[in-house]
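Below you'll find the structure, written out as structure tokens, and then a few comments.
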Amino acid sequence: MAEDCELCDIICYGPYVPIKVLEELPFSMAKTSKEYTEVDKIVVEKNFRAKKILVCRIGPKEYNRISTCDTTKEIWDLLQTGHEGTTQVKHSKIDMLTTEYELFKMTNDESIQDMHTRFTSVINELHSLDEIIPRNMLVRKILNFLPSSWESKVNVITESKDL
């Protein structure tokens, strides 16, 4: 578990770089690999392990995009921007999906399963952008747009107040 946290820190904040202290300016600089202690080697190995985790989990199209990156932090930032977009793009996506959620209705020719799949897709996209809608609100939303043939079932569920 601790190793997972360390790898996550390396990915999010950048690699560990062993430093040596000097007596004159610049007072410190990166060690060469020949100067590494055993502890330095272990931590630097975690840098490589973190990079391997990211690189092995992506497809060839994304690999071409990140192949010039030197650190896991660079890879992570590039992938994050590519998938989520900039903060402005992320907020635009959230606004668009929130509107889609608010206007969501079941179509006349749609089955309950198809409607649920479509609804879940919108909710999952919002969730992936850290926009979480409470479960009771999701249930109420679905109950509100079910067809009239479901009215007796909706009444029973609503009256139970166990949403």
Side-chain angles (χ1 to χ4, degrees), residues 1-17 30 42-163:
M1 183 71 165
E3 182 181 51
D4 292 343
C5 291
E6 290 171 1
L7 293 176
C8 186
D9 286 346
I10 290 168
I11 290 169
C12 293
Y13 306 114
Y16 170 78
V17 178
I42 290 169
V43 180
V44 168
E45 186 177 302
K46 289 181 183 185
N47 293 342
F48 292 116
R49 196 170 315 144
K51 189 171 182 178
K52 180 180 172 187
I53 287 169
L54 287 179
V55 172
C56 288
R57 301 284 192 259
I58 60 173
K61 187 176 180 181
E62 288 179 322
Y63 180 78
N64 290 335
R65 191 179 332 159
I66 60 104
S67 62
T68 60
C69 296
D70 293 324
T71 67
T72 53
K73 173 76 171 132
E74 290 176 50
I75 294 170
W76 182 250
D77 290 344
L78 196 63
L79 290 173
Q80 194 171 26
T81 301
H83 286 271
E84 290 181 4
T86 61
T87 304
Q88 185 178 3
V89 171
K90 182 177 177 180
H91 289 300
S92 295
K93 284 181 182 179
I94 290 171
D95 291 344
M96 181 189 69
L97 289 165
T98 301
T99 301
E100 190 174 341
Y101 165 79
E102 289 169 354
L103 299 175
F104 193 91
K105 292 198 182 327
M106 182 175 177
T107 61
N108 292 336
D109 60 338
E110 189 173 38
S111 70
I112 296 291
Q113 182 64 40
D114 291 342
M115 176 273 303
H116 184 266
T117 300
R118 201 166 50 89
F119 186 72
T120 302
S121 176
V122 172
I123 299 310
N124 287 344
E125 285 187 59
L126 280 167
H127 188 64
S128 73
L129 295 168
D130 296 326
E131 192 71 20
I132 299 167
I133 300 171
R135 187 174 209 84
N136 63 337
M137 289 181 67
L138 298 174
V139 171
R140 287 183 198 281
K141 181 74 173 171
I142 289 175
L143 292 176
N144 284 336
F145 59 71
L146 285 173
S148 57
S149 61
W150 282 68
E151 187 174 346
S152 61
K153 295 173 183 113
V154 169
N155 289 338
V156 170
I157 293 169
T158 306
E159 289 170 8
S160 74
K161 298 186 184 200
D162 198 14
L163 299 176

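From a predicted model like this one, the values you see are computed outputs, not experimental measurements.
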* Would you indicate whether the side-chain heavy atoms of Thr72 and Asn47 approach each other to under 4.5 Å? => no

* Mind checking what makes ring-ring contact (aromatic ring centres under 6.0 Å, His included) contact with Tyr63, not counting sequence neighbours? -> none

* **Partner residues of Asp77 under the salt bridge (charged side-chain N to carboxylate O under 4.0 Å, His left out) criterion, sequence neighbours left out** => Lys73

* **Atom pair CZ (Phe48) and CD1 (Ile10), whose distance is rounded to the nearest 0.5 Å** => 11.0 Å

* To do: Could you tell me the separation between the CG atom of Asp95 and the NE2 atom of His91, rounded to the nearest 0.5 Å?
  => 8.5 Å

* Sequence neighbours excluded, which residues qualify as side-chain contact (heavy atoms from CB on, under 4.5 Å) partners of Gln88? -> Thr86

* Asked: With sequence neighbours excluded, what pairs up with Arg65 under the salt bridge (charged side-chain N to carboxylate O under 4.0 Å, His left out) test?
  -> none

* Structure fact -> Glu131 meets the side-chain hydrogen bond (donor to acceptor under 3.5 Å, both in side chains) criterion, sequence neighbours left out, with none

* **Contacts of Glu100 that satisfy salt bridge (charged side-chain N to carboxylate O under 4.0 Å, His left out) - sequence neighbours left out** => none

* To do: List for me each residue that meets side-chain contact (heavy atoms from CB on, under 4.5 Å) alongside His116, sequence neighbours excluded, and say none if there are none.
  => Thr120, Ile142

* Structure fact -> All heavy atoms of Asp70 vs all of Lys51, minimum pair found to be O-NZ, 3.3 Å

* **Distance (rounded to the nearest 0.5 Å) between Thr68 OG1 and Ile75 CD1** => 9.0 Å

* Asked: For Tyr101, what residues pass the side-chain hydrogen bond (donor to acceptor under 3.5 Å, both in side chains) criterion, not counting sequence neighbours?
  -> none

* To do: Hey, could you give me the CD1/CG distance between Ile58 and Leu79, rounded to the nearest 0.5 Å?
  => 5.5 Å

* Asked: Looking only at heavy atoms, which two atoms of Cys69 and Leu78 are closest? And how far apart?
  -> SG-CD2, 4.0 Å

* Asked: Is there a donor-acceptor pair under 3.5 Å between the side chain of Lys141 and the backbone N or O of Glu102?
  -> yes

* **Side chain proximity check, Asp130 to Lys90, heavy atoms < 4.5 angstrom** => yes

* State, with a plain yes or no, whether a side-chain heavy atom of Asp9 is found less than 4.5 Å away from one of Tyr16. => no

* Structure fact -> Contacts of Ser92 meeting side-chain contact (heavy atoms from CB on, under 4.5 Å) (sequence neighbours excluded), chain-then-number -> none

* To do: With sequence neighbours excluded, tell me which residues meet side-chain contact (heavy atoms from CB on, under 4.5 Å) with Pro60.
  => none

* Asked: With a 4.5 Å heavy-atom cut-off, do Met115 and Phe104 have their side chains touching?
  -> yes

* What residues form a salt bridge (charged side-chain N to carboxylate O under 4.0 Å, His left out) with Glu74, not counting sequence neighbours? -> none

* Rounded distance (nearest 0.5 Å) linking atom CD1 of Ile132 with atom CD1 of Ile123 -> 11.0 Å

* Only pairs at least two apart or in different chains count here, so list each salt bridge (charged side-chain N to carboxylate O under 4.0 Å, His left out) that has a residue in residues 105-124. => Glu110-Arg118

* Nearest 0.5 Å, what's the CG-CD1 distance between Leu97 and Ile94? -> 8.0 Å

